[in-house]
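Here is the structure we will look at, set down as structure tokens.
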Amino acid sequence: MTDSDTGYLTPVIDEDGAPFWSYAAQGQLRVQACASCGELRFPPRPCCPHCQSFDSTWRRMSGRGRIWSYVLPHPPLLPGYAEQAPYNAVVVELADAPHIRLVGNVVAAPDAPLNSVDPARLRIGASVRVAFTVAGGGFAVPRWLLER
């Protein structure tokens with residue numbers, strides 16, 4: 001879904017993922033965990049793929065990770081994004097849970113434009129930390145800052 005004011009993609013929140021966005025609004029990065037076996041899972045879903053339990057909790061993460069992959073979209077397909085090209089889209093592997101990967105953008109500051117980091121600074125394996133910003137639709141979304 002896109003926000004009509006910005007042209008940016010906005011999350012579609014379902015029952016399973018709602019806590020992720022609620023914690024994000026509080027500036028916390030949390031991942032769903034099975035309350036029975038303790039395994040972390042993302043994206044959120046109702047049943048644990050390891051033990052089939054329907055009991056879950058949300059575990060706070062450190063917010064640190066590393067760039068697992070990235071791309072510079074050419075050409076950006078949505079007008080809101082085309083205005084900021086070139087920008088990056090990254091896949092970040094969480095330090096606390098290497099099998100959990102989140103998609104986002106590396107930016108110079110939480111509210112900086114998507115093109116605020118020179119693409120030449122991006123490297124697979126680079127350390128990043130999460131920062132949250134309020135995006136279109138009023139949702140707090142995770143973005144990533146390069147660690148020094």
Side-chain angles (χ1 to χ4, degrees), residues 1-73 76-78 80-81 84 87-119 121-148:
M1 171 176 279
T2 59
D3 178 89
S4 60
D5 294 332
T6 64
Y8 287 171
L9 296 172
T10 56
V12 176
I13 299 177
D14 62 11
E15 184 179 340
D16 297 320
F20 175 86
W21 298 107
S22 179
Y23 287 119
Q26 298 170 40
Q28 298 178 24
L29 181 62
R30 292 193 180 230
V31 172
Q32 189 183 44
C34 178
S36 296
C37 73
E39 287 289 328
L40 296 173
R41 60 185 187 251
F42 195 89
R45 49 195 173 271
C47 180
C48 177
H50 301 281
C51 74
Q52 287 69 53
S53 172
F54 284 89
D55 297 325
S56 66
T57 187
W58 288 81
R59 194 170 303 158
R60 190 168 189 169
M61 300 286 106
S62 69
R64 299 222 176 317
R66 68 179 191 88
I67 297 175
W68 188 79
S69 185
Y70 71 94
V71 66
L72 304 174
L77 299 177
L78 297 173
Y81 292 95
Q84 293 200 52
Y87 63 91
N88 63 76
V90 297
V91 178
V92 171
E93 182 176 67
L94 297 182
D96 306 351
H99 66 285
I100 304 288
R101 297 180 183 128
L102 302 176
V103 176
N105 308 96
V106 174
V107 291
D111 293 324
L114 297 181
N115 61 1
S116 61
V117 170
D118 181 352
R121 295 185 59 208
L122 300 177
R123 298 280 183 267
I124 302 296
S127 295
V128 292
R129 65 182 166 84
V130 74
F132 294 91
T133 190
V134 176
F139 296 102
V141 296
R143 290 185 170 179
W144 302 94
L145 307 174
L146 287 170
E147 298 233 275
R148 307 263 180 247

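Keep in mind it's a predicted model, so treat the numbers as computed, not measured.
Although no hydrogens or angles enter the test, the distance criterion places a donor-acceptor pair under 3.5 Å between the side chain of Tyr81 and the main chain of Leu9. For the pair Arg101 (side chain) and Val91 (backbone), a donor-acceptor distance under 3.5 Å is absent. Under a 3.5 Å cut-off, the side chain of Arg59 and the backbone N or O of Val31 do not form any donor-acceptor pair. Between the side chain of Asn105 and the main chain of Leu114, no donor-acceptor pair closer than 3.5 Å is present. Looking only at distances, a side-chain donor or acceptor of Asp96 sits under 3.5 Å from a matching main-chain atom of Ser62. Counting only distance, with no hydrogens or angles, the side chain of Glu39 and the backbone of Cys48 share no donor-acceptor pair below 3.5 Å. Ser116 places a side-chain N or O within 3.5 Å of a backbone atom of Ala108 that can act as its donor or acceptor partner. Judged by distance alone, the side chain of Arg148 and the main-chain N or O of Leu146 form no donor-acceptor pair under 3.5 Å. A donor-acceptor pair is defined here as one N or O able to donate and one able to accept, closer than 3.5 Å; no such pair exists between the side chain of Asp118 and the backbone of Arg121. Remark: the backbone N or O of Val106 is paired with a side-chain donor or acceptor of Asn88 at under 3.5 angstrom.
The two atoms that bring Leu40 and Ala33 nearest to each other are CD2-CB, 3.6 Å, heavy atoms only. Here the shortest heavy-atom pairing between Pro46 and Asp16 reads CD-OD2, 3.2 Å. Between Cys37 and His50, the shortest heavy-atom contact is SG-CB, 4.2 Å. Across all their heavy atoms, Pro110 and Leu145 have their closest contact at N-CD2, 4.1 Å. Listed here is the closest heavy atom pair of Ser36 and Asp55: OG-OD2, 4.1 Å. Nearest heavy-atom pair, Leu29 versus Phe132, reported as atom, atom and distance to 0.1 Å: N-CZ, 3.8 Å.
Residues Val141 and Thr133 have side chains in contact (heavy-atom distance under 4.5 Å, counting atoms from C-beta outward). Taking 4.5 Å as the limit, some side-chain heavy atom of Ile13 sits within range of a side-chain heavy atom of Phe139. Between Tyr70 and Ile124, the closest side-chain pair of non-hydrogen atoms falls below 4.5 Å. With a 4.5 Å cut-off on side-chain heavy atoms, Trp144 and Val107 do not count as touching.
Note that CZ of Phe54 and SG of Cys34 are 10.5 Å apart. Values are rounded to the nearest 0.5 Å. Expressed to the nearest 0.5 Å, how far CG of Asp14 lies from CH2 of Trp21 amounts to 10.5 Å. Here Arg30 contributes atom CZ and Tyr23 contributes atom OH; the two are 4.5 Å apart, rounded to the nearest 0.5 Å. Distance OG/Ser56 to CZ/Arg41: 5.0 Å, rounded to 0.5 Å. In this structure, CD in Glu93 is found 4.5 Å from CZ in Arg66, a value given to the nearest 0.5 Å.
Surrounding CD of Glu15 are at most 12 heavy atoms belonging to other residues, nucleotides or ligands under 6.0 Å away. Atom CH2 of Trp58 has more than 12 neighbouring heavy atoms from other residues, nucleotides or ligands inside a 6.0 Å radius.
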